[in-house]
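Notes to accompany the following structure.
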2 protein chains.
Amino acid sequence: MTQPRWLDQTEMAAWRAFLTTSHLLERRIEEQLKASAGLTHPQYEILVRLAGATGRRLRMTELAKGVVASKSALTYQVGRLEEVGLVERTTCPSDDRGVLAVLTPAGARLLEKVAPGHLEIVREYLIDRLSREELRAMTSAMRKTEEALRSG
Amino acid sequence: MTQPRWLDQTEMAAWRAFLTTSHLLERRIEEQLKASAGLTHPQYEILVRLAGATGRRLRMTELAKGVVASKSALTYQVGRLEEVGLVERTTCPSDDRGVLAVLTPAGARLLEKVAPGHLEIVREYLIDRLSREELRAMTSAMRKTEEALRSG
DNA sequence: GAGTTGCCGTTCAAATCTGAACAACCATCG
DNA sequence: CGATGGTTGTTCAGATTTGAACGGCAACTC
């Protein structure tokens, strides 16, 4: 442990901008999804992950890691999605402890319907405002942090 | 309304990296603050904003905008902080509707104690991993998005 | 100065998240 | 086989967030 190292003005500005913007964007996305499909952002992300998985199914634990949610939060949200027929649960054939969340055809249809409006928000407020250079730098930066956090 | 514009591979990678990383980092920060001071991240941010305000006090609405929280969430969290003596409430002298949240000396002391450990996390996982160029680009990018979201 | 409109912060019920505890299962080793 | 330790997903209670509704006050108009 060395001396406490504060952030200089530039670093603090960077951190504050990141923190504030991620929260604001999260809010905007939540609002759009709720209005257009009655989905929360976590629910939407679950559908996206399942749609991208082979067989449109994933183990609960994998899914939780993918969407960055706690196990119990995922159990809860998959329960909601199952109630409305967007996802089904199957016991994992290779591991009786396991549960597979499976995207239903209705889930896939809803996702196709909702995705454009969602991505339009992502474009409008983030992607389309960034230069190629900024996009590249941000991706690089985020990946470094992600990698570090996934390891620890 | 034009055609739906999907994100190309580079754009989607950028968005996914941002989304995932912000959630992972949020989790790590929450964990650190809880362990080191029993504070949640929203609570910590409230203390930070108050500490930086003139007179160490802010109107509830300003504070809510600053920390990007809903009015009711802020009411709740300020209530928690008041219970443990880190913040006090005062009625606003210039506007009887208003409430001023004021950082107490105990709140200031706790913040000084906790900030280094918190900032160490921010450094370790984000700031220290970024080149000066990445830091600059990320700040610029985040500010553009923040500005757009604050206007709408 | 009465009326109207809008802002301020709180309250409330409902939804969601958290973390610990738990039961069931897997894997390894002796 | 039997014991041990680790994993899996769920459950539960408690904490937090959300959004709408509300009462109180301010600001502006006529």
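Heavy-atom basis, side chains included; hydrogens, waters and symmetry copies ignored. All chains are named by letter (A, B, ...) in the order of the sequence lines, taking the proteins before the strands, and each is independently numbered beginning at 1. Everything numeric here is computed off the predicted structure, so don't read it as measured data.
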Give the table of side-chain donor-acceptor pairs shorter than 3.5 Å for residues 98-107 of chain B, with sequence neighbours excluded, one pair per line with atom names and distance.
{"residue": "B:T104", "atom": "OG1", "partner": "B:G85", "partner atom": "O", "Å": "2.7"}
{"residue": "B:T104", "atom": "OG1", "partner": "B:L86", "partner atom": "O", "Å": "3.1"}
{"residue": "B:T104", "atom": "OG1", "partner": "B:A106", "partner atom": "N", "Å": "3.4"}
{"residue": "B:T104", "atom": "OG1", "partner": "B:G107", "partner atom": "N", "Å": "3.0"}

message = From the set D:dT18, C:dC8, D:dT11, return the single nucleotide nearest to any side-chain atom of B:R59.
response = C:dC8

Between protein and nucleotides 21-24 of chain D, what N or O pairs are separated by less than 3.5 Å?
none

Minimum heavy-atom distance B:I46-B:Q77, with the two atoms named = CD1-CB, 3.7 Å

ask   = Which pairs with one or both residues in residues 104-152 of chain B pass ring-ring contact (aromatic ring centres under 6.0 Å, His included), sequence neighbours excluded?
value = B:H41-B:H118, B:Y44-B:H118

Pairing of B:R56 and B:E88 as salt bridge, 4.0 angstrom limit = no

key: Nearest-angstrom distance from the residue atom CG of B:L63 to C1' of C:dT10   = 15 Å

task = Kindly write out the residues that satisfy salt bridge (Lys or Arg N to Asp or Glu O under 4.0 Å) with A:D8, not counting sequence neighbours, or none if the list is empty.
result = B:R132

inquiry  = It should be established whether B:S70 places a side-chain nitrogen or oxygen under 4.0 Å from OP1 or OP2 of nucleotide D:dT18.
reply    = yes

request  = Identify, residue by residue, the members of residues 74-94 of chain A with a heavy atom below 4.0 Å from DNA chain C, and return them in order of residue number, or none.
outcome  = A:Y76, A:Q77, A:R80

message = Would you say that more than 12 heavy atoms from the other residues, nucleotides or ligands in this model lie under 6.0 Å from the CD of A:E83, or not?
response = yes

request  = With a 4.0 Å heavy-atom cut-off, tell me which residues in residues 23-57 of chain B come close to DNA chain C, sorted by residue number.
outcome  = B:R27

request  = May I ask you to say whether A:E31 pairs ionically with A:R28, meaning some side-chain N is under 4.0 Å from a carboxylate O?
outcome  = yes

query = Looking at CD of A:Q32 and CD of A:E30, how far apart are the two atoms once the value is rounded to the nearest 0.5 Å?
reply = 10.5 Å

inquiry  = Please determine whether a side-chain nitrogen of the Lys or Arg among A:R123 and B:E11 lies less than 4.0 Å from a carboxylate oxygen of the Asp or Glu.
reply    = yes

request  = Let me know, please, whether B:A73 or A:V99 comes out on the 5' side of the other along DNA chain D by nearest nucleotide.
outcome  = A:V99

query = Judged by atom type as modelled, is there a donor-acceptor pair below 3.5 Å linking the side chain of A:T21 to the main-chain atoms of A:F18?
reply = no

task = For salt bridge (charged side-chain N to carboxylate O under 4.0 Å, His left out), just list the numbers for B:R129 and A:E147, CA-CA rounded to whole Å, side-chain angles, deciding distance to a tenth of an Å, and then say yes or no.
result = CA-CA 11 Å; B:R129 295 180 185 273; A:E147 216 274 312; over 6 Å; no

note = Separation of C:dC7 atom C1' from B:D96 atom CG, nearest Å, is 14 Å

